[in-house]
Every structure is written in structure tokens, then in C-alpha cells.
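Heads up, the thing below is written out as C-alpha cells.
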Amino acid sequence: MIDDEHRPRHWLYTLLLALGAVAIILLCVILLPFLVVELNTGKFLSFPFGYYLTAQGVIIGLIVLVYWMATRQEETDQKFGATEDL
Amino acid sequence: MSLQSQYRPLNPRLGTHYAIFVSAFSALVLVLALLEQLGARKLWLSHTMIAAPLIIYLIVAALTRTLDLHEFFSVSRRIPPVFGGLALAVTAIGGVGIFTLTGSLYLIGFDALALAVGWIGGFALAAILFVPYLRKTGAYTLPGFFRLRFKSPLLGAAAALLLLPPALILLAAELRIGAFVTSLFASVSFEVAVACGAGMIIITLVLGGLRSLTWTQSIQYTVVLAGILVPLTVVSIQETNLPLPQLTYGSLLEQTSINELALGAVPTTPPAMLGGLPGERPEPSVKPFLQAFGALTRGDFIMLALCVLAGTAAMPGLLLRAGTSVHTPQSRRFMGWGTLFLGLFLITAPAYAVFAKYITLQQIVGTSPSDLPAWISGLKDAELANFTDLNGDGVISAKELLMSRDGVVLSLPIMAGLPFILVVFAAAAGVAATLAAGGAHAFAAASALSDDIYSGILHRSATPGKRLIVARLAIVILTIATAWYVTINDFDVLRAAILALSLVGAAYLPALILSIWWKRMTKWGILAAMLAGSCVAYTHAGLQLSGSGTLFPGLSGLLSGVIGVPAGLVIGIAISYATPEPSLELQALADDMRDPSGEALFDKAMRLAPLRKRPLLPGTEPPQTQSAASAKEESNAPV
């Protein structure tokens, strides 16, 4: 169980992490379509770059984000003593 | 540990058992491939390939049957992250995902990626914002989470009622697309195929609820991914000499663009209001694959992605799985695996579409109708493709070849001249995905009905046995009713799924965000958020789709989630400020929910309830029956 004195700081860290992650997700969904046409002039692995970002870049990026978030959140939990005792 | 008794240990040979069933399936495919080379009849091959996997799924379901309430609804919270991720991904993909995403990518190219982006975004959002907290709460259903979080059975029942329409629409869409594939390959009528699909779902769920569902789904995911990847990899080797279709299709894009231009595909301007979204009838693919926003406007693209994102992040059939992982950190890893497995499919689908497009352009378009390859007549007979030389110039141009959106997955192996067994393998993948996702939606609807309406409101002291009977009855009745609806009505599965995702997002996304991330939230605020979001979404969708007006001009009714979610957020916050602050007890509960360590709130409430008057469902006990032990426990929590 987490100590009462650590609770607000633990939640603040959690909240900031989550806000950052949500901002990244929404950026991917909302901002990328505005850049696709310009980015398509570049090439990546023989894909037009804008297309590649939408078809694979976002997907790979978000998978990495979910893993990275899980690790960071576990570190945060550990730091504040909120580790699983099962 | 006092908690250990609740957690049955995990089967140590789980991996072995999983491997046995996957090997059985691989053996089946290999044997049938051998028999085909030896001259077995195609009809017999396709019947066996469709029916035999069903037997494998039924065996798994029978082996994992259960009569225990905790097993039935939460698999005793012991699903390892990898297997949970497999089940999660296949629920999200579903038959609708396999067939319509690939087909839409074929027909409208880049613009269909809105669906893929929304999907993966929804998974990431749920993984970060919701799932760990839903796991800590430990409710069996999504409405159960609201009931437990605000100690209000009324709220749970309201959430359960809002859950039924979208879950049943999704189930109907899965049954329809599954029956479409089955009736093509198993020589049965559409109605019989729907009945078979519904029967499979009912048997799986009645035998073991979420337990049977999860273990069959983990096998079904393997079938789905293999069914897509094996034919695609073979085609990739044929065309590019490399077995990595996801990376090699880039080299085909340039040639495809040149061929498209030569054959009269010119950049198009998108119609408004999702008008360019492909429908169920075969249609021509006139938009160049790489052209961005030629079928959907940029605004529609973003809104479609946001609707799918909202609906996926809040989908009850996915979120109820949060309670099956061992503890909160595990639930985060489980979402990680789920995102990875979903991502694998989403990266593969565009490759599938591009290879299909490349081969069609090479072989069909620009050829005179008399020189067409033989396989096109097979596709035409099955109504998966059609062609007419409209302008009489003696060649088929891009406009004159019509492809069925849902048939693209089945067409690629036929076009590439692969052995027939690989065609049926792709079909079997579709059937597997349909059963997996349909089962999850049916279970979400039935468990909400039994858990949140029957034992939450109607009969609070129902024994576990009675609750299981009601859950099973609900599964049977809801699935049969939906199957009946599917047999008498025609609808487009992609549009139905987008509408359902919009409605789910509008009902639950604001409520989930506010109840987890804002401590000041009151139960009336949540109720208002759910009702306001749903009212706006249902009204707009109803008005726009029936053609009698709109709430928001220029917005397709399918995308009503885009206005439902902000409406829910605003009304929820306003009503919450207008009602008295939540009690200290509820605030302590919120703090406990945010603490990633310790026992699930649901399990704790079960343990602390007085033995004689133990409420069978936490959150339904009237306040005055709180035991001394429970009161003491609560007073330890910070206020």
C-alpha cells in the first residue's frame, strides 16, 4: 500500500505522465493528417514518408509508447512504495 | 497471504497446452494442403477447413468450462499478459476489422488508414488512462466499475442499459460478416451460417463465460494472424523475392502508381459526410492508392479516427478484461501485448491491400474482356468482383473493374494463383475473428444484463448459482435475438461498426475519464455525462441517418461520437459542480483506486462484508449495513 504522505506526489507524477502520453496520442491522430501531403515528398524504405508515418510509424510509435509508459509508471510506483505485494 | 486463496494458481503447462492446439491447427492445414496436391475435391477441402477449426475451438471451450462465478466473470484474475493481449487484440480486430479494413484500403487507399490510426490510438489511450484503474477496481463489467466507484447500483444499471445497443450492433456486424464468409465456403445458406455462428458463440460462452472465451480467443488470434500472413508472405515471395510483405510493399507502390495513372485513375475530390467510405456492393477503385484525402475529406479523416479511437478506448468488451490480469502492473503489460498484437495486424493489412491492388492492375486492368485470367470468372460468380466494358473501347479500365470490399481478403490468394487451401485458410481466419469478437460483444452485453441489472437492481441477494443461470440465459437470448435480426435485415457492417463505436465513445469515454481522473466527480455528474453524451450522439445519428435534419450541420451521423464526447464532458463537469461534493468515503475509495498496489476493491468489499448478510455484489449494499470491520477499514484510508 502507498503511504498517505506520498499519495499526492505519486498522483502528480502519474497525472503528468498520463497527460504527456495523451498529448502524444492526440498529436498523432490530429496533427499528422495535416502534414502528410508535405511529408510525402520524402522517401523512407521506398515508401513516401507521410504515408509510411501514418501506416506504420504511428502504430509502432504507440506500441513503444504503451511499453515505455508501463515501465515508467512501474518505476514511479516503486519510488513511492506502491509496489504489488502479492 | 490472506489473498492467495482467491487466486487459483496458473496452469504451469499453459504454454504446452496452447502449443498443442496451435500445432493441431497447423497440422490440419498441412494435411489438407497435401491432400489438395493429391487431388482432393475443393468442396471437401473447403468444408473441412471451415468446420475442423470450429471443433478445435469447441474442445478448448469444453476443457475450460466452469461453474464458478469468479471464474466465469474474471477467470480468477490469473490470465498472463501475453494471453490476455492475444484475446484483447482479436476482440478489437474481429471479422469486421479483417475484411473491411483490408477492403477499404484496397478501394480508397490511404484514406482508410483513419480506421487503423483510431484503433491503435484507442488501445494506447485505454492502456494509459483506464485499464490499470479498472483492474484495481476489479469489477466484472464496465457498468460494474461505475457502480463500485460511486456505490450506486442505479448508475450501474443505467450504464448497462446504454451498453446494450452498441454491443449488440457490434455482435450483429460480426455475425453478418462471418456468415458472409461461411456461406461462400461451406455451401450453406446465409441464414444457416448466421445460426451456426450464433450457436458457436452461445456454446463457448455458456460453457465457461470469459474463461472459455479468453482461451479460445488466444488460439483464434493465432489463426487470424496466420491466415492473413501466410498467403501474403507467399505472394510477397512471388512478387518481390522477400518474405517480409510489410516492408517490401513499398517497392510496389511506385509501380502501382504508374499503372494507376496509365489506366485512368485520376486524383479525386472527396464527397462530404463520409460519402467516399466504401459500401458493401462491389465498386470501382478510382482513387490512386497514395493520394491523401481523395475519398474522405481531411476533416472526415480526423473525425473518423477520433470516433474509432473513442469507441475502442471505451469499448466494454475490451475493458471488462482489465479484471482478468493478476495485478495492476500486470494489467499495464497486458495492454502492451494487446497493442503489439493489434499493431501487427494493422501493419499487415495495408500490405495485403497493396499486393492485391498490384496484381489486379497487372493482370486485369487494361486487358480486353476476352483475355482476362480465368480466376476472375470465379470471383464474378461469387459476387466478389465484377467487370463490364462500359465505354466499349475493348479494354477494362480502372473504372470498369468493380471489387467487393469484403472480398479483397479472399481474392488475393485467388489472384496470385495460390493453392486453394490458402484461400480457405484466409476464410478460416475471418471466421475465427468473427467468433472471437462476436463472443466478446455478446459476453459484454450479457454480463451487464445479469451483473448490473439483474443482481445489481432487481434481485440483490441472488445466489451465485442464480446469477450464473441468468448470465447464461442472457447470453442465449441476446445472441439468438441478434442472429434473428441479422437474418431479416440488410446493413453495411463497416457503417454499423463505426456507428456503434461512436455510441460507445459518447456514452462511456467522458464518464470514464471523469470518474478516474477527477476526484470531485459525483454520481449524478457521471449519470449526466453518460446520458448527455448518449442523447447527443443518438439524436444526431438518428436525425442525420434518417435524413430528417442534424444537430451539427456537415457531420455524418456515423461520426456522432465527435460531438457526444465533448457534450458528455461539459455536462458531467457542470452537474458535478452543481451537486454536493462526494462523501469522504467515496473520496477514500477514489484514492484507493489510484493506488496501484493492494487488493482489488471488488475483492476487498467481498472479503469485508459481514458473513451472514454478505451482499453478493459489492456496491449494492445499503449504507447502514456496513459492518464494523468495513467501517474500520475505511477509516484507515486518508481523508
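These numbers were taken from a predicted model, which means no experiment stands behind them. Reminder, nothing fancy here: chain letters follow the sequence lines and each chain counts from 1.
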For the residue pair L309(B) and I25(A), establish whether any side-chain heavy-atom pair is separated by less than 4.5 Å. yes
Which answer fits R594(B), side chain, backbone, both or neither, if we ask what part of it has an atom under 4.5 Å from a heavy atom of chain A? both
Chain B heavy atoms under 4.5 Å from F80(A): which part of the residue, side chain, backbone, both or neither? neither
Is the number of heavy atoms from other residues, nucleotides or ligands under 6.0 Å of R9(A) CZ greater than 12? no
Given L45(A), L15(A), V37(A), the one with more heavy-atom pairs under 4.5 angstrom with chain B than any other is L15(A)
Between W119(B) and chain A, which part of the residue has a heavy atom less than 4.5 Å away: side chain, backbone, both or neither? neither
Selection from I128(B), L306(B), L247(B) maximising heavy-atom pairs under 4.5 Å formed with chain A: I128(B)
Contact between H10(A) and P596(B) at the side-chain level, heavy atoms closer than 4.5 Å - yes or no? yes
Examine whether an atom of F289(B) lies under 4.5 Å from a heavy atom of chain A, and if so say whether it belongs to the side chain, the backbone or both; otherwise answer neither. side chain
Would you give the length of the straight line joining atom NE2 of H6(A) to atom CG of D595(B), rounded to the nearest 0.5 angstrom? 12.5 Å
In terms of heavy-atom pairs under 4.5 Å with chain A, which of E254(B), Q246(B), M335(B) leads? Q246(B)
Can you tell me how far the CZ atom of R333(B) sits from the CD atom of E74(A), to the nearest 0.5 Å? 4.0 Å
Taking the side chain as every heavy atom from C-beta outward, state whether W517(B) and T14(A) have any pair of such atoms under 4.5 Å apart. yes
Are side-chain heavy atoms of D591(B) and W11(A) found at a separation under 4.5 Å? no
Sub-4.5 Å side-chain heavy-atom contact between Y51(A) and L113(B): yes
Paired with I120(B), the side chain to side chain contact (heavy atoms under 4.5 Å, CB included) test is passed by just one of V66(A), I59(A), I60(A), namely I59(A)
So which residue, V58(A), L65(A), I30(A), ends up with the most heavy-atom pairs under 4.5 Å with chain B? I30(A)
Chain A shares the most heavy-atom pairs under 4.5 Å, among F123(B), Y249(B), F293(B), F110(B), with Y249(B)
Side chain, backbone, both or neither of A124(B) within contact of chain A (heavy atoms, under 4.5 Å): both
At a heavy-atom separation under 4.5 Å, does I347(B) approach chain A through its side chain, its backbone, both, or neither? both
Contact leader toward chain B among T71(A), V29(A), L26(A), I24(A), where contacts are heavy-atom pairs under 4.5 Å: V29(A)
Give me the atom names and distance for the closest heavy-atom approach of S46(A) to S251(B). OG-N, 3.4 Å
Identify which part of P48(A) has an atom lying under 4.5 Å from any heavy atom of chain B, answering side chain, backbone, both or neither. side chain
From L253(B) CG over to K43(A) NZ, what is the distance, rounded to the nearest 0.5 angstrom? 7.5 Å
Looking only at N40(A), V64(A), I63(A), L17(A), most heavy-atom pairs under 4.5 Å shared with chain B are made by I63(A)
First locate atom OH of Y67(A), then atom OG1 of T339(B), and finally report the distance between them rounded to the nearest 0.5 Å. 7.5 Å
